[in-house]
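Nothing fancy with the numbering, it's 1 onward along the sequence. Being a predicted model, the structure only gives us computed values, none of them experimental.
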Amino acid sequence: MKVNFTKLHNTIRHWTATIAHIQLMLGILLYTQSPMTIQFFKYYDFSEGWNEALFFGLFHILVMLISIVLITIGSASAKRKKNSQEKFKTMLIFFSLALLLILIAIPWPFSPLGNRPLIRTF
């Protein structure tokens with residue numbers, strides 16, 4: 001089945017990248033203000049091994065940045081492809097890889113990397 005790449009598909013491509021970039025800006029703002037990352041850069045000793053401070057101080061931000069780069073590359077590449085099937089394939093590959101990385105870098109409650117409750121009861 002061959003589907004043409006319509007204006008709606010292009011709008012979805014564009015807004016996916018735009019929302020990802022907005023999320024990146026919000027994430028960087030929160031990252032620079034977070035007491036956990038400030039503490040990480042002041043006192044973390046890398047000989048301690050893996051813990052929650054390393055997850056939030058380094059792993060989370062690095063993997064999320066790589067995800068945004070993949071979304072950006074996928075969006076720009078798909079925009080430049082000539083036929084519809086190549087556009088869909090490019091978006092599928094890059095956006096799927098980015099989604100996988102994002103899901104890995106989320107601090108799920110069941111994750112051994114950096115677990116946080118979904119709803120906090122301060």
Side-chain angles (χ1 to χ4, degrees):
M1 177 169 85
K2 295 199 177 203
V3 177
N4 288 330
F5 196 83
T6 64
K7 186 173 178 158
L8 174 64
H9 296 119
N10 192 51
T11 302
I12 292 170
R13 177 204 57 80
H14 172 74
W15 279 104
T16 300
T18 301
I19 291 170
H21 286 108
I22 291 169
Q23 181 66 37
L24 173 67
M25 293 297 109
L26 290 172
I28 288 173
L29 178 67
L30 290 172
Y31 181 78
T32 58
Q33 302 301 313
S34 170
M36 185 173 281
T37 56
I38 293 169
Q39 189 90 3
F40 171 77
F41 285 110
K42 282 185 180 177
Y43 303 110
Y44 190 74
D45 180 15
F46 284 92
S47 64
E48 291 178 20
W50 189 269
N51 62 20
E52 199 170 80
L54 183 61
F55 176 82
F56 286 106
L58 194 62
F59 179 79
H60 179 74
I61 187 77
L62 185 64
V63 174
M64 291 299 188
L65 283 170
I66 292 168
S67 299
I68 301 301
V69 168
L70 285 173
I71 290 171
T72 304
I73 291 170
S75 177
S77 297
K79 183 178 180 181
R80 289 171 176 76
K81 297 290 181 185
K82 295 297 180 200
N83 79 32
S84 294
Q85 298 312 105
E86 289 178 2
K87 289 181 183 204
F88 285 126
K89 184 178 178 184
T90 302
M91 285 173 52
L92 175 68
I93 291 169
F94 281 96
F95 289 6
S96 296
L97 285 172
L99 177 62
L100 177 66
L101 289 175
I102 289 168
L103 291 173
I104 290 170
I106 291 175
W108 299 105
F110 52 82
S111 173
L113 301 176
N115 56 353
R116 290 278 178 98
L118 289 177
I119 300 173
R120 292 188 186 183
T121 56
F122 295 95

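- Ring pair F55/H60 is tilted by interplanar angle, where 30° to 60° counts as tilted.
- We find the CZ-CD1 distance between F95 and I71 to be 6.5 Å, quoted to the nearest 0.5 Å.
- Linking Ile, Leu, Val, Met, Phe, Trp and Tyr whenever their side-chain heavy atoms come within less than 4.5 Å leaves I19 and V63 in two separate clusters.
- Under the 3.5 Å distance criterion, the side-chain polar atoms of S111 are left unmatched by any main-chain donor or acceptor of P107.
- For the salt bridge (Lys or Arg N to Asp or Glu O under 4.0 Å) test, residues two or more places apart in sequence or in another chain that qualify with E52 are R116.
- Remark: the backbone N or O of L29 is paired with a side-chain donor or acceptor of T32 at under 3.5 angstrom.
- For the atom pair K81 NZ and K89 NZ, the distance stands at 9.0 Å (nearest 0.5 Å).
- Among all heavy-atom pairs drawn from V3 and Q85, the shortest one is O-OE1, 3.3 Å.
- When each of L101, L24, I102, I28 is checked for a side chain to side chain contact (heavy atoms under 4.5 Å, CB included) with M64, only I102 meets the rule.
- Contact detail for T72 and H21: the closest heavy-atom pair is OG1-NE2, 2.9 Å.
- Distance OG/S34 to CD/Q39: 10.0 Å, rounded to 0.5 Å.
- To the nearest 0.5 Å, the span separating CD1 on I38 from OH on Y31 amounts to 10.5 Å.
- Cluster membership for Y44 and L62, using ILVMFWY side-chain heavy atoms within less than 4.5 angstrom, is shared.
- Between L92 atom CG and K87 atom NZ the span is 16.0 Å, to the nearest 0.5 Å.
- Taking hydrophobic clusters as Ile, Leu, Val, Met, Phe, Trp and Tyr residues chained together by side-chain heavy-atom distances below 4.5 Å, L99 does not share a cluster with I12.
- Judged as a side chain to side chain donor-acceptor pair (under 3.5 Å), and not counting sequence neighbours, the contacts of S47 are D45.
- Cluster membership check: M25 shares its hydrophobic cluster with I66, using side-chain heavy-atom separations under 4.5 Å among Ile, Leu, Val, Met, Phe, Trp and Tyr.
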From CA spacing to verdict: side chain to side chain contact (heavy atoms under 4.5 Å, CB included), L100, I104: CA-CA 6 Å; L100 177 66; I104 290 170; 4.1 Å; yes

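- Contact record, T37 with G57: CG2-CA, 4.1 Å, taken as the closest heavy-atom pair.
- M36 is not connected to L30 by any chain of hydrophobic side-chain contacts under 4.5 Å among Ile, Leu, Val, Met, Phe, Trp and Tyr, and they are in different clusters.
- Scanning all heavy atoms of the two residues, the minimum distance from T90 to G74 falls at CG2-O, 3.8 Å.
- Taking CZ of F88 as the reference point, atom CG of N83 lies at 10.5 Å (rounded to 0.5 Å).
- Each of T16, N10, T11 was checked for a side chain to side chain contact (heavy atoms under 4.5 Å, CB included) with R13, and the lone residue meeting it is N10.
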